[in-house]
Q: 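Below is one structure. I have some questions about it.
Every heavy atom of this structure was used, including side-chain atoms; hydrogens, water molecules and symmetry mates were not. Only a predicted model underlies this, so the values are computations on that prediction, with no experimental measurement involved. Within every chain, numbering begins at 1; the chains are lettered A, B, ... in the order of the sequence lines, protein sequences first and strands thereafter.
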2 protein chains.
Amino acid sequence: MTTPNARLTQAGYSALAEFRYILRRFLEFSEESARRAGLTPRHHQALLAIKGYGRGQPITIGELAERLRIRHNTSAELANRLCENGLVTRSQDNEDQRRVLLQLTSLAEERLADLSNAHVDELARIKPMLERVLAEYP
Amino acid sequence: MTTPNARLTQAGYSALAEFRYILRRFLEFSEESARRAGLTPRHHQALLAIKGYGRGQPITIGELAERLRIRHNTSAELANRLCENGLVTRSQDNEDQRRVLLQLTSLAEERLADLSNAHVDELARIKPMLERVLAEYP
DNA sequence: TTTTATATGTCGTATTACGATACATCAACC
DNA sequence: GGTTGATGTATCGTAATACGACATATAAAA
């Protein structure tokens with residue numbers, strides 16, 4: 001919960017602002033990298049969420065929605081576009097016919113591999129800045 | 001630069017995905033908090049950027065754009081709405097008549113103070129998770 | 001003064017996530 | 001074993017908003 005009596009110092013505000021600034025720059029880097037790789041940022045994030053889900057098992061529309069923090073109908077539309085672009089394949093879940101299972105194509109795997117390497121490098125680069133700002137908090 | 005030969009492990013992908021997931025949850029928390037406080041997320045971020053800028057000095061449209069990583073025309077439109085909502089005041093820079101200086105109103109100060117306290121608490125809460133994921137990188 | 005750069009402003013457009021809604025499938029229960 | 005409710009996915013219209021293209025005003029340089 002919040003502690004409404006504690007007033008933030010100017011340095012406290014600056015730290016919060018700086019944290020968001022670092023995040024924006026990182027997200028900007030990510031979006032530009034994705035576009036250079038021929039993906040929309042959303043598509044890139046969807047591929048990463050699918051790849052990073054569990055131990056490589058396929059993911060459903062609803063689970064993808066939860067990982068991306070979007071509504072399930074948005075996730076369904078997203079899955080359509082990913083399919084049209086040849087990035088994922090859809091299949092019915094045999095154990096529950098309502099479910100649609102999504103899996104990456106080899107095209108998606110390739111693109112995601114390159115992008116992810118670049119992201120690892122970028123994260124390593126900004127890590128010190130992030131840690132410096134996070135050091136403000138107990 | 002990237003190291004294209006190094007293939008990420010499954011755990012590497014999962015860590016990248018988890019990092020973005022934590023970020024999404026944090027941003028979601030931030031947006032909901034802002035809306036509960038009667039602000040759009042964008043307005044909240046603008047107030048924070050203004051407040052956190054330098055040592056409390058006023059900020060120009062262009063500098064605000066840079067801190068928010070948006071185009072300057074978007075920043076100008078944003079400043080209009082902030083003004084209409086009584087959150088900032090505009091004034092000409094005497095040393096450069098082209099510049100518009102933005103300052104927070106006391107209403108904005110109050111709302112931002114409450115929101116910022118909540119954000120400090122949330123950041124303290126998620127800090128261990130962020131650090132655990134960041135530990136993946138050199 | 002003319003030219004060039006900088007700072008801000010206006011407007012139409014396109015993207016995209018969402019709410020509302022619909023439909024199909026599963027589960028539970030009498 | 002049909003009825004009821006819950007769950008998973010899909011469709012469609014709408015609203016929000018950042019952007020590109022352009023315009024204007026002031027400053028700095030030539």
Q: For A:Ile70 and C:dT15, what is the distance between atoms CD1 and P respectively, to the nearest whole Å?
A: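 Interatomic distance, CD1 of A:Ile70 to P of C:dT15: 18 Å.
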Q: Do you see a donor-acceptor pair shorter than 3.5 Å between the side chains of B:Arg24 and A:Gln45?
A: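 Present: a donor and an acceptor within the cut-off.
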Q: Would you kindly give the NE2-to-P distance between B:His72 and D:dA25, to the nearest whole Å?
A: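 Rounding to the nearest Å, NE2 of B:His72 and P of D:dA25 are 16 Å apart.
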Q: Does A:Arg67 count as lying over the ring of A:Tyr53, i.e. NZ or CZ under 6.0 Å from the six-ring centre, within 45 degrees of the axis?
A: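 Ring-cation test returns no.
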Q: Could one point to a donor on the side chain of A:Glu95 or the base of C:dC26 with an acceptor on the other under 3.5 Å away?
A: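 Between C:dC26 and A:Glu95, which were checked side chain against base, a qualifying N/O pair under 3.5 Å is absent.
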Q: Send over the distance from A:Arg81 CZ to D:dC12 P, rounded to a whole Å.
A: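 For the pair A:Arg81 CZ and D:dC12 P, the rounded distance is 14 Å.
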Q: Can you tell me how far apart CZ (B:Arg20) and CG (A:Leu48) are? Round to the nearest 0.5 Å.
A: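 Between atom CZ of B:Arg20 and atom CG of A:Leu48 there are 7.5 Å.
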Q: Do A:Phe19 and B:His119 have ring centroids that are under 6.0 Å from one another?
A: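 So the answer is no for these two rings.
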Q: Taking the minimum atom-to-atom distance to the side chain of A:Arg98, which one of D:dT9, C:dC26, C:dA17 wins?
A: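 For the A:Arg98 side chain, the nearest candidate turns out to be C:dC26.
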Q: Any idea which of D:dT9, D:dG20, C:dT25 is nearest the B:Arg71 side chain?
A: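 The listed nucleotide nearest to B:Arg71's side chain is D:dG20.
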Q: Tell me: CG of A:Leu78 to C1' of D:dT11, nearest whole Å?
A: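 That distance rounds to 16 Å.
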Q: Across the strands shown, which category fits B:Ser75 at heavy-atom distances under 4.0 angstrom: base, sugar-phosphate, nothing?
A: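 The answer is nothing, as B:Ser75 stays clear of every strand by at least 4.0 Å.
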Q: Just compare C:dT25, D:dT11, D:dT9 and give me whichever is closest to any side-chain atom of A:Asn73.
A: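 Closest nucleotide to the A:Asn73 side chain: D:dT11.
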Q: Please state how far atom CD in A:Gln45 lies from atom P in C:dT16, giving the value in whole angstrom units.
A: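 That distance rounds to 14 Å.
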Q: Just the rounded figure in Å: distance from P of D:dC12 to CD of A:Glu77.
A: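 Between P of D:dC12 and CD of A:Glu77: 10 Å.
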Q: So which nucleotide from D:dA10, C:dA17, C:dG9 ends up closest to the side chain of A:Thr74?
A: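 Closest nucleotide among those given: C:dA17.
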Q: Want to settle it: does B:Asp96 or A:Asp96 sit nearer the 5' end of DNA chain D, counting the closest nucleotide to each?
A: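 Upstream on the strand: A:Asp96.
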Q: Are a donor atom and an acceptor atom from the side chains of B:Arg99 and B:Asn94 found within less than 3.5 Å of each other?
A: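 Short answer, no.
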Q: Rounded to whole Å, please give me the gap between CG in B:Leu68 and P in C:dT8.
A: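 My rounded result for the distance is 14 Å.
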Q: In terms of the nearest nucleotide of DNA chain C, which residue is placed more toward the 5' end: A:Arg69 or A:Asp93?
A: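 The residue whose closest nucleotide sits nearer the 5' end is A:Arg69.
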Q: Could you work out which one of C:dG9, D:dT11, D:dA10 sits closest to the side chain of A:Ile61?
A: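 Minimum distance to the A:Ile61 side chain belongs to D:dA10.
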Q: Just the rounded figure in Å: distance from P of D:dT9 to CD1 of A:Ile59.
A: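 The answer, rounded to whole Å, is 10 Å.
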Q: Of the options C:dT8, D:dA10, D:dT11, whose atoms approach the side-chain atoms of B:Val100 most closely?
A: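 Minimum distance to the B:Val100 side chain belongs to C:dT8.
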